[in-house]
Amino acid sequence: MQESFSNSAGRHLHDAQLLLGEQRWDNAVYLAGYVVECSFKVLVEQHFKHDRGAVKKYGHDLTELEGRAMERLRVLYPILDRQLPASRIADTVLAQNHPERRYSKSGLWTQADAQTAVQRAEKIYREIIPKLVLNGSISSQDI
């Protein structure tokens with residue numbers, strides 16, 4: 001199976017938006033978390049090409065991806081510091097229990113939580129993926 005974090009991010013974003021429209025708050029939040037995870041993993045994958053296992057090191061841990069992985073990228077590639085301010089998922093439910101939230105009982109998240117999570121996920125996606133397409137790092141066919 002060939003992995004495509006950029007394709008997965010776009011697919012999860014679309015599905016999260018559909019679920020939000022159907023008032024499926026818990027699953028919208030769950031998929032929004034994967035949008036962010038996959039978007040961050042695209043950055044790790046693109047900037048640590050020499051380390052094939054770099055993406056796997058972070059697993060599904062969004063706080064680790066946003067924290068340690070992005071900090072490492074900022075140090076090695078200072079231009080990313082302007083593109084990735086310190087905390088993208090703070091103050092949202094995205095920072096809580098990803099991916100374990102997939103096993104939670106229904107009703108964990110509110111409409112406001114879900115809307116904020118999906119909006120933040122979309123913003124993160126749009127700040128990362130189109131730039132990588134425009135600079136030729138990834139193909140538009142991969143999204």
Side-chain angles (χ1 to χ4, degrees), residues 1-135 137-138 140 142-143:
M1 176 176 70
Q2 183 180 1
E3 292 178 334
S4 175
F5 297 114
S6 55
N7 183 269
S8 296
R11 182 178 68 240
H12 295 319
L13 176 59
H14 179 75
D15 290 348
Q17 291 167 331
L18 289 173
L19 289 167
L20 189 63
E22 293 295 319
Q23 300 179 3
R24 300 286 311 270
W25 317 133
D26 297 305
N27 286 346
V29 169
Y30 172 62
L31 286 179
Y34 277 111
V35 172
V36 176
E37 176 186 331
C38 290
S39 296
F40 286 160
K41 284 183 174 182
V42 171
L43 283 174
V44 170
E45 183 179 63
Q46 290 301 309
H47 291 88
F48 295 124
K49 290 181 180 184
H50 63 282
D51 183 357
R52 291 210 172 272
V55 170
K56 299 276 187 215
K57 287 178 191 174
Y58 299 103
H60 298 290
D61 191 336
L62 277 183
T63 53
E64 191 71 9
L65 272 164
E66 182 185 49
R68 201 167 55 127
M70 293 305 116
E71 187 58 38
R72 191 172 164 206
L73 284 172
R74 283 183 186 92
V75 169
L76 294 172
Y77 303 96
I79 192 160
L80 289 178
D81 194 35
R82 289 191 307 268
Q83 297 172 7
L84 297 172
S87 185
R88 294 282 196 211
I89 62 173
D91 303 324
T92 72
V93 297
L94 294 171
Q96 301 171 27
N97 305 317
H98 177 78
E100 292 81 15
R101 68 174 71 103
R102 67 182 174 247
Y103 302 120
S104 67
K105 291 179 98 177
S106 294
L108 180 62
W109 309 113
T110 66
Q111 178 180 359
D113 292 331
Q115 287 174 327
T116 301
V118 172
Q119 288 169 352
R120 185 71 54 91
E122 180 178 9
K123 183 175 181 178
I124 291 167
Y125 175 87
R126 294 199 185 288
E127 289 176 348
I128 293 172
I129 304 301
K131 288 178 185 174
L132 292 172
V133 170
L134 289 173
N135 75 14
S137 297
I138 60 176
S140 60
D142 292 335
I143 59 172

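Keep in mind the model is a prediction, meaning the values are calculated, not measured.
- Atom CG of Asn27 is separated from atom CG of Leu18 by 12.5 Å, given to the nearest 0.5 angstrom.
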- Query: Are Leu132 and Leu43 close enough, and set up right, to give a side chain to side chain contact (heavy atoms under 4.5 Å, CB included), and what steps lead you there?
  - Reply: CA-CA 9 Å; Leu132 292 172; Leu43 283 174; 4.2 Å; yes
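- Residues Ile128 and Phe40 are in side-chain contact: their nearest non-hydrogen atoms beyond the backbone lie under 4.5 Å apart.
- The shortest distance between side-chain heavy atoms of Leu31 and Leu19 falls below 4.5 Å.
- A 4.5 Å side-chain heavy-atom check between Trp25 and Leu20 finds at least one atom pair inside the cut-off.
- To the nearest 0.5 Å, the span separating OH on Tyr125 from SG on Cys38 amounts to 10.5 Å.
- Nearest heavy atom pair, residue Ala28 against residue Ala114, reads CB-CB, 4.5 Å.
- Between Ser6 atom OG and Lys41 atom NZ the span is 13.0 Å, to the nearest 0.5 Å.
- With hydrogens and angles ignored, the 3.5 Å screen pairs no side-chain donor or acceptor of Asp26 with any backbone N or O of Ser106.
- Gln17 contributes atom CD, which lies 13.0 Å from atom CD of Glu22 (distance to the nearest 0.5 angstrom).
- Applying side-chain contact (heavy atoms from CB on, under 4.5 Å) to Phe5 and the options Val42, Val44, Ile138 leaves one that passes, Val42.
- At most 12 non-hydrogen atoms from other residues, nucleotides or ligands lie less than 6.0 angstrom from CZ of Arg24.
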- Task: Report the C-alpha distance between Glu127 and Lys131 in whole Å, list the side-chain angles of each, state the deciding distance to 0.1 Å, and finish with yes or no for salt bridge (charged side-chain N to carboxylate O under 4.0 Å, His left out).
- Result: CA-CA 7 Å; Glu127 289 176 348; Lys131 288 178 185 174; over 6 Å; no
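- Put simply, CG on Leu13 and CD1 on Ile124 are 10.5 Å apart, with the number rounded to the nearest 0.5 Å.
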- Item | Intermediate values then yes/no, side chain to side chain contact (heavy atoms under 4.5 Å, CB included), Val35 and Glu122 | CA-CA 8 Å; Val35 172; Glu122 180 178 9; over 6 Å; no
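- Within the 3.5 Å criterion, the main-chain N or O of His12 finds no donor-acceptor partner in the side chain of Asp15.
- Here the closest heavy-atom approach between residue Ala32 and residue Ala121 is recorded as O-CB, 3.6 Å.
- Note that CZ of Arg11 and OG of Ser4 are 8.0 Å apart. Values are rounded to the nearest 0.5 Å.
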